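In the text below, chain A, chain B and the rest are named by the order of the sequence lines, each starting its count at 1. Only a predicted model underlies this, so the values are computations on that prediction, with no experimental measurement involved.
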2 protein chains.
Amino acid sequence: MSVLKPAQLSVSATKRRQIVDAAIAEFQENGFAGTSMDRITERACVSKRTVYNHFENKEALFHAIIELIFEQFSETVTLSYIPGKPLRPQLVELGRAEGKLLMSESFMRLVRMAMGETMRDPALAVKMNERAEACTVFSCFMAGARDAGAMPGIDPAEVSEQFLGLIKARAFWPYVLRSNAIDAETMEAIVQSSVETIMARFAPDTE
Amino acid sequence: MSVLKPAQLSVSATKRRQIVDAAIAEFQENGFAGTSMDRITERACVSKRTVYNHFENKEALFHAIIELIFEQFSETVTLSYIPGKPLRPQLVELGRAEGKLLMSESFMRLVRMAMGETMRDPALAVKMNERAEACTVFSCFMAGARDAGAMPGIDPAEVSEQFLGLIKARAFWPYVLRSNAIDAETMEAIVQSSVETIMARFAPDTE
DNA sequence: CAACAAGTAAACTAAACAGTTTACATGGGG
DNA sequence: CCCCATGTAAACTGTTTAGTTTACTTGTTG
């Protein structure tokens with residue numbers, strides 16, 4: 001039992017990394033049922049037994065990977081409302097952060113695959129449910145704005161859902177269904193227009 | 001070659017119907033890769049050769065079915081703007097029609113599966129792209145409202161996308177990802193609030 | 001009713017798959 | 001320096017799959 005510090009290359013748990021990387025790619029490209037352990041093995045440049053030493057079976061490998069990717073992305077959008085500063089530019093900033101995530105090729109591939117698998121695998125749906133609390137960031141932001149008097153009397157959950165909805169309607173949804181990539185310019189316009197709508201409804205007096 | 005009129009039971013193209021029904025169920029339950037032709041055969045109470053007489057292969061059967069279901073649903077939301085009548089109740093009506101579709105169990109199952117398959121099958125993405133023009137209904141409605149002076153100066157596409165986005169953010173998206181069913185009461189509240197927001201932004205003077 | 005299109009059951013092929021086993025290699029810590 | 005965690009290659013099991021073939025039956029139409 002080695003007691004290596006995490007920063008080190010940990011000998012040949014590099015293997016684990018190779019497996020995980022290969023599995024991510026394969027699952028993203030072919031979904032769960034469409035991916036074979038043999039292909040993962042080959043892509044990872046690793047023996048099949050090694051794969052089964054690290055992960056009990058295909059299902060376990062799949063779940064480990066979903067967990068991992070969600071972890072990686074849940075750290076992306078982190079902003080909170082700063083009292084005193086005007087609301088509009090802060091909303092724009094928040095929208096841009098979300099936009100950046102939605103423009104990530106790999107994130108979108110993951111989401112598309114995961115959606116398709118929630119049907120086959122109810123446990124995955126539960127996992128996604130828990131992780132989907134990234135939306136909490138938005139909710140907390142709106143609560144902060146309300147408490148500071150910038151958006152008096154609103155329901156933070158409702159406003160954050162509407163704001164996210166406006167952005168996703170044009171930046172996320174079309175991308176998921178039709179593989180329409182979105183350029184930075186369009187994304188900026190979407191964010192601006194979404195902020196405009198939210199302000200008109202929930203902070204009409206400002207400005 | 002029989003020349004039977006469509007209304008008739010067309011002898012044993014009943015078989016075709018059985019195959020299609022079974023395939024719809026299996027594909028919705030297990031996705032493309034997860035579905036076997038044998039299971040379709042069995043569920044259809046039909047011989048395997050019969051399946052292959054009607055559809056060249058699994059892929060062809062899958063595409064025929066996607067086509068079919070989209071056809072079936074593209075007729076659901078059909079409303080156009082009526083000049084003279086006030087805008088708000090008409091928007092509510094439009095929102096309710098969309099809501100009804102989103103509350104359909106079978107439609108949502110299809111969408112979830114289809115999303116997962118768009119990755120594996122680019123041709124499917126193209127097909128969904130074409131079909132997604134159901135959104136045209138919304139766009140035309142908004143254009144009608146603009147031309148009648150109810151929402152002056154708007155971009156119909158933008159408004160329709162925002163309206164749809166607001167509804168889907170709470171009625172569609174959570175359902176897709178987390179299998180959260182939505183009751184009629186909640187749906188009505190969502191429609192009302194979405195209309196409110198759209199009015200605040202794009203028709204503020206009215207009322 | 002004869003003939004043919006369409007259906008049936010069941011066995012078959014060839015490939016892919018998840019997961020196991022075997023016999024062997026290696027390299028780093030005690 | 002020796003030992004054992006861990007890794008490797010490759011063959012193997014048992015199952016599942018898409019798609020074919022064969023020998024036979026049925027129902028509709030001319």
Side-chain angles (χ1 to χ4, degrees), chain A residues 1-27 29-65 113 117 120-121 123-124, chain B residues 1-27 29-66 117 120-121 123-124:
Chain A
M1 306 287 155
S2 72
V3 200
L4 291 171
K5 290 306 145 205
Q8 255 169 293
L9 278 189
S10 70
V11 201
S12 261
T14 318
K15 297 293 167 183
R16 187 177 236 271
R17 188 59 183 271
Q18 289 173 28
I19 294 166
V20 166
D21 286 347
I24 287 175
E26 286 293 329
F27 281 132
E29 283 168 23
N30 309 108
F32 181 82
T35 290
S36 89
M37 294 297 265
D38 281 326
R39 217 146 51 217
I40 290 175
T41 279
E42 192 186 353
R43 187 164 189 159
C45 299
V46 132
S47 118
K48 199 169 181 181
R49 200 63 247 268
T50 302
V51 173
Y52 281 95
N53 280 343
H54 283 283
F55 302 94
E56 202 184 344
N57 52 35
K58 192 182 179 182
E59 197 81 27
L61 176 55
F62 183 72
H63 274 98
I65 272 158
M113 177 202 58
E117 298 302 336
R120 183 192 58 79
D121 181 0
L124 178 61
Chain B
M1 307 289 155
S2 73
V3 200
L4 291 170
K5 290 306 142 204
Q8 252 170 296
L9 279 190
S10 70
V11 200
S12 262
T14 318
K15 296 293 165 183
R16 187 178 236 272
R17 187 59 182 268
Q18 288 173 27
I19 294 166
V20 166
D21 286 347
I24 288 175
E26 287 292 330
F27 281 132
E29 282 168 25
N30 308 109
F32 180 81
T35 291
S36 88
M37 294 298 267
D38 281 326
R39 217 144 55 217
I40 291 175
T41 280
E42 191 186 355
R43 186 164 190 159
C45 299
V46 130
S47 118
K48 200 168 180 181
R49 199 61 247 265
T50 302
V51 173
Y52 280 95
N53 280 343
H54 283 283
F55 302 94
E56 200 185 343
N57 53 33
K58 194 183 178 182
E59 199 79 27
L61 175 56
F62 183 71
H63 274 97
I65 272 157
I66 293 285
E117 299 301 336
R120 185 192 56 80
D121 181 359
L124 179 61

Q: How many whole angstroms separate atom CG of B/L61 from atom C1' of D/dG19?
A: 14 Å
Q: In whole Å, I'd like the distance from the CZ atom of B/F32 to the C1' atom of D/dA18.
A: 10 Å
Q: Taking O4'-C1'-N9-C4 for purines and O4'-C1'-N1-C2 for pyrimidines, is D/dA5 syn (within 90° of 0) or anti?
A: syn
Q: Starting from C1' on D/dT26, measure out to NZ on B/K15 and report it in whole angstrom.
A: 11 Å
Q: Once you round it to whole Å, what is the distance between P of D/dT26 and CG of B/N53?
A: 18 Å
Q: Could you tell me how far apart B/F55 (CZ) and D/dA18 (P) are, to the nearest whole angstrom?
A: 15 Å
Q: Identify each atom pair where a protein N or O and an N or O of nucleotides 10-17 of chain D are less than 3.5 Å apart, giving names and distance.
A:
none

Q: Residues in side-chain hydrogen bond (donor to acceptor under 3.5 Å, both in side chains) with A/Q18, at least two apart?
A: none
Q: Can you tell me the distance, in whole Å, between the CD atom of A/Q18 and the P atom of D/dT6?
A: 16 Å
Q: Can you tell me how far P of D/dG7 sits from CZ of A/R16, to the nearest Å?
A: 10 Å
Q: Classify the ring geometry between B/F62 and B/F27 as parallel (under 30°), tilted (30 to 60°) or perpendicular (over 60°).
A: perpendicular
Q: Within this structure, what is the CZ-to-P distance between B/F62 and D/dA18, rounded to whole angstrom?
A: 13 Å
Q: Partner of C/dA23 by Watson-Crick or G-U wobble geometry, both contacts under 3.5 Å, or none?
A: D/dT8
Q: How would you list all residue pairs meeting side-chain hydrogen bond (donor to acceptor under 3.5 Å, both in side chains) that involve residues 55-66 of chain B, not counting sequence neighbours?
A: B/H63-B/D121
Q: Who pairs with A/Y52 by ring-ring contact (aromatic ring centres under 6.0 Å, His included), at least two apart in sequence or on another chain?
A: none
Q: Going by the rule salt bridge (charged side-chain N to carboxylate O under 4.0 Å, His left out), which residues pair with B/E26 if we only count those two or more places apart in sequence or in a different chain?
A: B/R39, B/R43
Q: Taking side-chain contact (heavy atoms from CB on, under 4.5 Å) as the test, write out the residues that go with B/N53, two or more places apart.
A: B/R49
Q: Which one is paired to D/dC24, where only Watson-Crick or G-U wobble pairs with both distances under 3.5 angstrom count?
A: C/dG7
